Protein chains: 2
Amino acid sequence: MAARVQVSALDAHLGYWLRYVSNHVSHSFKLKIETRGVTVAEWVVIRALYDVKVGAAHLLADELGLTRGAISKLVDRLVTKSLVARRSSKSDRRYQELALTPSGRDLVPQLAALADGNDEEFFGDLKRQERELLTDLLKRIVRARGLKTVPVD
Amino acid sequence: MAARVQVSALDAHLGYWLRYVSNHVSHSFKLKIETRGVTVAEWVVIRALYDVKVGAAHLLADELGLTRGAISKLVDRLVTKSLVARRSSKSDRRYQELALTPSGRDLVPQLAALADGNDEEFFGDLKRQERELLTDLLKRIVRARGLKTVPVD
DNA sequence: TATTGTTATACTCTATAACTATA
DNA sequence: TATAGTTATAGAGTATAACAATA
């Protein structure tokens, strides 16, 4: 018998299934929130700002694992959409103070509800225990591999 | 007590963890295969061609869940890289016969090995049983939700 | 000089839609 | 007219690097 199955199938990999499901979940979420005029990347930014109240761009970049250039463009769009306000700090004018506008602050809970609904839609069929198991396994991989930064795409 | 926790955290969602891990796995794979000069989208195409031997672009588009325009551009790049050959069918000259070149066919097992290694790197710490459980849960979601098409990004 | 942020450039991925060639 | 494929256009996401302003 010669060696066989030297070439694994795409779907022989856990990474394949992970990406498969993840892409569908994200895509579905994207469709939901674009009815509110935001992209997933923008959502991640405003959700972060919702908690910190005010933040500098470079802190966001660190927290979200994006470059300063990327953040700059994202914030540009959010400012255009009147969801984020940008003003330079008085104490150090290199910094910017980023904060949600009232309408930005209003929007976050609505988007969070869409995120909840999306999760329910995809994982609602799993038993509570199975959901926890899945979450735990994923978190374990994050810990074991020391993964950092929030994925945005 | 007023209602609290109206706004769920990003990481309160299973979708978040899925995307988090998936993005890292895919990114790591991307880094591995770009040393061989291919992107993940290109890999998916040549892996598909490896099995079918020869195929029309529109069949690939269906199988991979991409538009004809997207396939056209991908195949362009693969032809430029001499991994895929493209010639129009004699029986129906609207069709193209797509096939791996010898070097393309050579490359696929090497990339498959990189995919195997990448999977091992991320999921090797899990027990066999846990890996199966994870895979099964993901496949169940695919079935329950009737998900179609291969995600490429 | 070091740091913050912007801008220019570039590339991948993907879609839509107009278009060409063929049937 | 219907189908296969190409091309033009567009936009999101992201990176790198050069640059301006400030410290």
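Order of the sequence lines sets the chain letters (A, B, ...), proteins ahead of strands, with each chain counted from 1. When reading the values below, keep in mind they use all heavy atoms of this one structure, side chains included, and skip hydrogens, waters and symmetry mates. All values reported here derive from a predicted model rather than from experimental measurement.
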Undergrad: Output the single nucleotide from D:dG5, D:dG13, D:dT14 whose closest atom is nearest the side chain of A:Leu66.
TA: D:dT14
Undergrad: For the pair made of CD in A:Gln96 and C1' in C:dT7, what is the distance, rounded to whole Å?
TA: 14 Å
Undergrad: So which one's nearest nucleotide on DNA chain C is more toward 5', B:Glu42 or A:Ala57?
TA: A:Ala57
Undergrad: Please check if the side chain of B:Glu130 supplies one atom and the backbone of B:Lys127 the other of a donor-acceptor pair under 3.5 Å.
TA: yes
Undergrad: Would you kindly give the CG-to-P distance between A:Asp76 and C:dG5, to the nearest whole Å?
TA: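 So the CG-P distance, A:Asp76 to C:dG5, works out to 13 Å.
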Undergrad: Measure from CG on A:Leu74 to C1' on C:dT6 and round the result to the nearest Å.
TA: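 The distance from CG of A:Leu74 to C1' of C:dT6 comes to 14 Å, rounded to the nearest Å.
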Undergrad: Within this structure, what is the CZ-to-C1' distance between B:Arg19 and D:dG13, rounded to whole angstrom?
TA: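 Nearest whole value for this atom pair: 12 Å.
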Undergrad: Would you state whether a donor and an acceptor, one from the side chain of A:Lys73 and one from the base of D:dT14, lie under 3.5 Å apart?
TA: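 A donor-acceptor contact between them is present.
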Undergrad: Kindly indicate whether the side chain of B:Arg68 and the base of D:dA4 share any N or O donor-acceptor pair separated by less than 3.5 Å?
TA: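 Such a pair exists between side chain and base.
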Undergrad: Of A:Gly69 and A:Thr39, whose nearest nucleotide on DNA chain D comes first from the 5' end?
TA: A:Thr39
Undergrad: Can you list the steps and then say if A:Ser28 with A:Lys32 is a side chain to side chain donor-acceptor pair (under 3.5 Å)?
TA: CA-CA 6 Å; A:Ser28 167; A:Lys32 288 186 177 71; 3.0 Å; yes
Undergrad: For A:Gln110 and A:Arg36, test the side chains for any donor-to-acceptor distance below 3.5 angstrom and give the result as yes or no.
TA: yes
Undergrad: Whole-Å distance between D:dT7 P and B:Ile71 CD1?
TA: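 Answer to the nearest Å: 15 Å.
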Undergrad: What nucleotide, of C:dC13, D:dA23, C:dA23, holds the atom closest to the side chain of B:Arg93?
TA: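 Looking only at side-chain atoms, B:Arg93 lies closest to C:dA23.
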Undergrad: Return no unless some side-chain N or O of A:Thr67 is found under 4.0 Å from OP1 or OP2 of D:dT14.
TA: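 For A:Thr67, the contact criterion (side-chain N or O under 4.0 Å from OP1 or OP2 of D:dT14) is not met.
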Undergrad: For the pair B:Thr101 (side chain) and B:Leu83 (backbone), establish whether a donor and an acceptor sit closer than 3.5 Å, ignoring hydrogens and angles.
TA: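 At least one qualifying donor-acceptor pair exists.
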Undergrad: Do the ring centers of B:Phe29 and A:His13 come within less than 6.0 Å of each other?
TA: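 Between B:Phe29 and A:His13, the centre distance exceeds or equals 6.0 Å.
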Undergrad: Rounded to the Å, how far apart are B:Lys90 NZ and D:dA4 P?
TA: 21 Å
Undergrad: May I have the distance from B:Glu97 (atom CD) to D:dG5 (atom C1'), rounded to whole angstrom?
TA: 14 Å
Undergrad: Check this for me: does the side-chain of A:Arg94 come within 3.5 Å of the base of C:dT3 through a donor and an acceptor?
TA: yes
Undergrad: Report the residue (B:Asp92 or A:Asp92) whose heavy-atom-nearest nucleotide on DNA chain D is the more 5′ of the two.
TA: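 The residue mapped nearer the 5' terminus is B:Asp92.
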Undergrad: Return the value, rounded to whole Å, for the distance between atom NE2 of B:His58 and atom P of C:dA23.
TA: 14 Å
Undergrad: Could you check B:Ser89 against A:Ala70 and say which one's nearest nucleotide on DNA chain C is further toward the 5' end?
TA: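 On the 5' side of the pair lies A:Ala70.
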